[in-house]
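In what follows, chains carry the letters A, B, and so on, assigned in the order in which the sequence lines appear, proteins first and then strands, with residues in each chain numbered from 1.
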Amino acid sequence: GQQVQQSPASLVLQEGENAELQCNFSTSLNSMQWFYQRPGGSLVSLFYNPSGTKHSGRLTSTTVIKERRSSLHISSSQTTDSGTYLCAPYGSSGNKLIFGIGTLLSVKP
Amino acid sequence: EAAVTQSPRNKVAVTGGKVTLSCNQTNNHNNMYWYRQDTGHGLRLIHYSYGAGSTEKGDIPDGYKASRPSQENFSLILELATPSQTSVYFCASGINNQAPLFGEGTRLSVL
């Protein structure tokens, strides 16, 4: 079965609302990574998070290794946050980086 | 500045033809990766490499070969391109315990 599952698959918000994105994985890992992908664009690393909670501006990543889950919280969303958010557990099989399908976020003005 | 450069950015190929996608990184990273991204599947790992001279199969290697002639360069080769290989391909480079850097992607259409 799929090793990495992300939810929700898509999400529509009004500007200013908060979002909580989930990532669950079935493999063991050393850390969790979160990426942002602009429509039709490349991937940008948001967090490299071995465990615990990390903050970056309006973004917060929380990873619980033992429970094999991670979440990405976006506060006070902006239209420029629109895009796809991907999680990828790292270190489960050598140096392979396996991705979830992603959450497509759309923030309306 | 750290960078991963893919070429070409866009490619149209004919069925049965040979296609080579190139990736160059100036980051001195040991690890390099090739992914394809399709709607409904996300990013899937095709081949990866731990360093010059090494290539490893990812999750969907069938129909693809890879070559890592140097630390900087990692190529993806489609010997006999098929329409099912129409996709967007991403190259990435990285080292252990750090987030990898991604290229801008190559959009390949096989007609």
Within residues 74-81 of chain B, residues adjacent to chain A where the heavy-atom gap is under 4.5 Å: none
Give the cluster check for B:Y64 versus B:Y33: same hydrophobic cluster or not, with ILVMFWY residues linked at side-chain heavy-atom distances below 4.5 Å. no
Counting only heavy atoms closer than 4.5 Å, note whether A:F47 contacts chain B via side chain, backbone, both or neither. neither
Answer with yes or no whether the hydrophobic clustering places A:L72 together with A:L104; edges join I, L, V, M, F, W, Y residues whose side-chain heavy atoms lie under 4.5 Å apart. no
From the list B:G42, B:G58, B:P100, the residue making the most non-hydrogen contacts under 4.5 Å with chain A is B:P100
Taking all atoms of both residues into account, what is the closest heavy-atom pair of A:Y48 and B:A99, and its distance? CD1-N, 3.6 Å
Okay, B:Q37 and chain A: the region with an atom under 4.5 Å from a heavy atom over there is side chain
Are there more than 12 heavy atoms of other residues, nucleotides or ligands under 6.0 Å from atom CZ of A:R58? yes
Using the rule that Ile, Leu, Val, Met, Phe, Trp and Tyr join whenever any side-chain heavy atoms are under 4.5 Å apart, tell me whether B:W34 and A:F99 fall into a single cluster. no
Mind checking whether B:I46 and B:L21 sit in one hydrophobic cluster, side chains of I, L, V, M, F, W, Y counted as touching below 4.5 Å? yes
Group every Ile, Leu, Val, Met, Phe, Trp and Tyr by side-chain heavy-atom contacts under 4.5 Å, then state whether B:Y89 and B:I60 land in the same group. yes
Less than 4.5 Å apart, side chain to side chain, heavy atoms only: is that true for B:F90 and A:Q37? yes
Side chains of B:L43 and A:L43: does their closest heavy-atom pair fall under 4.5 Å? yes
Within this structure, what is the CG-CD1 distance for the pair B:D59 and A:I98, rounded to the nearest 0.5 Å? 4.0 Å
